Engineer: 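Here you go, one structure.
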Number of protein chains: 2
Amino acid sequence: MNPSVLVVEDDRALCELLTWNLSAEGYQVRSTSDGEEALLMVQEQMPDAIILDWMIEHVPGIEVCRQLRKDKDTAQIPILMLTARGEEEDRIRGLKTGADDYVTKPFSPRELLARIEALLRRARPSLAGNVLQWGDIELDATSHRVRRSGEALHLGPTEFRLLRYFMERPNRVVSRQQILDGVWGMDSDIDERTVDVHIRRLRKAINRDGDTDPIRTVRAAGYAMDVT
Amino acid sequence: MNPSVLVVEDDRALCELLTWNLSAEGYQVRSTSDGEEALLMVQEQMPDAIILDWMIEHVPGIEVCRQLRKDKDTAQIPILMLTARGEEEDRIRGLKTGADDYVTKPFSPRELLARIEALLRRARPSLAGNVLQWGDIELDATSHRVRRSGEALHLGPTEFRLLRYFMERPNRVVSRQQILDGVWGMDSDIDERTVDVHIRRLRKAINRDGDTDPIRTVRAAGYAMDVT
DNA sequence: CGAGTTATGTCACTTTCCTGTCATAGAAGT
DNA sequence: ACTTCTATGACAGGAAAGTGACATAACTCG
């Protein structure tokens with residue numbers, strides 16, 4: 001299902017521009033020029049993100065924002081506010097009130113799209129807590145992606161599960177048997193030494209050039225992943 | 001006691017925004033715009049977390065980070081760095097230097113708060129593993145790590161078990177046979193003299209240069225671990 | 001469906017580090 | 001001084017982990 005965006009903007013031309021661009025990117029777009037109506041529309045169907053002009057009719061954007069943040073159900077919706085150039089004061093108040101990002105008018109649609117995308121990316125996994133981070137290593141459990149220093153790493157399925165297993169237990173020493181149970185499953189009858197081999201493969205995969213190895217071998221006990 | 005946060009940020013408006021938001025969440029906030037002053041403030045009173053802008057006056061953020069990591073007292077403080085959009089290069093170097101997380105500007109206070117919270121959650125329990133402490137010696141059973149005066153020590157498996165055995169029985173004299181039973185296992189047919197050798201190895205490992213030896217020899221009875 | 005690629009578990013071999021013992025020197029108690 | 005107990009250095013054997021190779025299983029893509 002494509003993410004839905006609610007546009008709250010009273011400049012007709014701008015509103016259409018936004019709608020058109022967002023639609024082209026595959027978003028489901030609804031729009032209104034009125035703050036109060038915006039609140040109703042949110043009630044009716046919760047959008048994944050809101051683009052909110054700060055200067056709109058009837059209810060100023062800041063008030064809309066405040067209302068949304070007040071309600072537990074809508075408090076999580078990312079809000080991108082549109083402000084006029086130079087209204088530093090507004091921007092700060094906006095962020096204080098709970099906006100997640102701002103774009104100053106005039107802006108390029110491309111930039112706005114990038115921001116919206118960033119907001120959604122940010123919002124989605126943060127709800128599930130699916131991004132594990134350890135030093136310069138990032139592991140996204142939903143997209144099954146791992147990066148070190150921003151560079152994408154290629155891990156096999158087992159190596160991925162293994163890394164996740166470690167990242168979920170920072171600094172904890174786990175025995176080979178525990179690793180087998182956690183990564184392969186309780187009922188696997190796999191040789192404990194096999195763990196060594198996968199540890200080696202994981203190390204090889206995540207330690208590019210001279211990176212420090214985050215996996216510590218604990219003789220007679222198992223392995224652990226460290227903060228260094 | 002509420003957690004304390006140190007904000008190092010030279011953009012006045014942003015600094016106030018952060019302070020305001022963090023205070024509203026119940027954090028104790030101190031702030032400065034200067035890297036050197038930040039280091040002094042940390043000396044003076046250790047914060048539970050630091051928010052550090054990467055581009056600040058006098059001392060760049062990366063240097064502050066490096067300094068903090070160098071000192072063992074401050075090395076554990078979680079650092080959240082603020083970088084400008086697109087400074088991918090900086091972000092990576094930051095993480096390599098020891099920052100724990102990053103947020104790109106502009107950002108939403110909500111996101112930042114969430115991150116800070118996550119950092120604090122993460123930092124606290126990592127220190128609170130099964131830690132035995134005796135004077136300046138710390139033994140963490142879950143991470144299998146031993147430190148003296150903050151400096152990591154390297155112990156072999158047997159030495160580790162032996163030290164733990166003593167630390168679990170402070171001030172108590174135990175016979176060689178008891179030690180064999182407790183550390184090697186009831187059914188070991190090992191010479192009692194061997195205990196002496198391992199005691200020696202343990203002493204060698206934990207007594208760096210002029211440190212006082214915490215292990216007391218009790219003639220004709222065994223050994224004990226003391227506070228001196 | 002089939003060729004080719006990738007992933008996986010095991011083995012043999014190497015390397016590293018640990019460990020138990022002994023012989024000898026030293027300290028403490030009588 | 002003599003006995004008894006402990007400290008220390010050395011060492012060989014061995015256990016544990018690292019590493020490269022390989023056969024097979026699983027998966028991909030035409």
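Residue numbers begin at 1 in each chain, while the letters A, B, ... track the order of the sequences. Fair warning: this is a prediction, and the values are worked out from it, not measured in the lab.
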Engineer: Determine, for B/Glu151 against B/Arg148, whether the closest basic-nitrogen to carboxylate-oxygen distance falls under 4.0 angstrom.
Structural biologist: no

Engineer: Which ranges of DNA chain C pair up as stems, where a stem means three or more consecutive Watson-Crick or G-U pairs with both distances under 3.5 Å?
Structural biologist: C:1-30 with D:1-30

Engineer: Please work out which of the three classes, parallel, tilted or perpendicular, describes the rings of B/Trp184 and B/His198, given edges at 30° and 60°.
Structural biologist: perpendicular

Engineer: Hey, is B/Arg208 close enough to B/Asp211 for a salt bridge, meaning N to O under 4.0 Å?
Structural biologist: no

Engineer: Does A/Tyr223 place a side-chain N or O at less than 4.0 Å from the phosphate oxygens OP1/OP2 of D/dA16?
Structural biologist: no

Engineer: Tell me the interatomic distance from B/Phe160, atom CZ, to C/dC18, atom P, rounded to whole angstroms.
Structural biologist: 14 Å

Engineer: Under 4.0 Å from OP1 or OP2 of D/dA16: is there any side-chain N or O of A/Thr217 that close?
Structural biologist: no

Engineer: In terms of side-chain geometry, is the basic nitrogen of A/Arg147 or A/Asp136 positioned less than 4.0 Å from the acidic oxygen of its partner?
Structural biologist: no

Engineer: Quick one: A/Arg200 CZ to C/dA12 P, roughly how many Å, whole number?
Structural biologist: 17 Å

Engineer: Whether the B/Ser108 and A/Asp100 side chains hold a donor-acceptor pair (N or O, under 3.5 Å, no angle test) is what I'd like checked.
Structural biologist: yes

Engineer: Is the positively charged end of A/Arg169 above the ring of A/Tyr165, judged by distance under 6.0 angstrom from the centroid and angle within 45° of the axis?
Structural biologist: yes

Engineer: Assign A/Val218 to base, sugar-phosphate, or nothing according to its heavy-atom contacts below 4.0 angstrom with the strands shown.
Structural biologist: sugar-phosphate

Engineer: Rounding to an integer number of Å, can you tell me how far A/Leu155 CG sits from C/dT6 C1'?
Structural biologist: 14 Å

Engineer: Do you see a donor-acceptor pair shorter than 3.5 Å between the side chains of B/Asn21 and B/Arg110?
Structural biologist: no

Engineer: If the sugar-phosphate is the primed atoms plus P, OP1 and OP2 and the base is the rest, what is the B/S/- string for nucleotides 19-30 of chain C, using protein heavy atoms under 4.0 Å?
Structural biologist: BBBB-----BS-

Engineer: Round to a whole Å and report the spacing from CG of A/Leu180 to P of C/dG9.
Structural biologist: 9 Å

Engineer: Between A/Leu162, A/Asp213, A/Val197, A/Asn207, which is the residue that forms a side chain to side chain contact (heavy atoms under 4.5 Å, CB included) with A/Leu202?
Structural biologist: A/Leu162

Engineer: For A/Ala220 and for B/Arg176, locate the closest nucleotide of DNA chain D by heavy-atom distance; then report the residue assigned to the nucleotide nearer the 5' terminus.
Structural biologist: B/Arg176

Engineer: Given atom CD1 of A/Ile199 and atom P of D/dG18, what is their separation to the nearest angstrom?
Structural biologist: 8 Å

Engineer: For the pair made of CG in A/Asp196 and P in D/dG20, what is the distance, rounded to whole Å?
Structural biologist: 14 Å

Engineer: Would you please say whether a donor-acceptor pair under 3.5 Å links the side chains of A/Tyr223 and A/Arg176?
Structural biologist: yes

Engineer: Would you mind reading off the distance between A/His144 atom NE2 and C/dA7 atom P, rounded to a whole angstrom?
Structural biologist: 14 Å

Engineer: Whole-Å distance between D/dA7 P and B/Asn207 CG?
Structural biologist: 13 Å

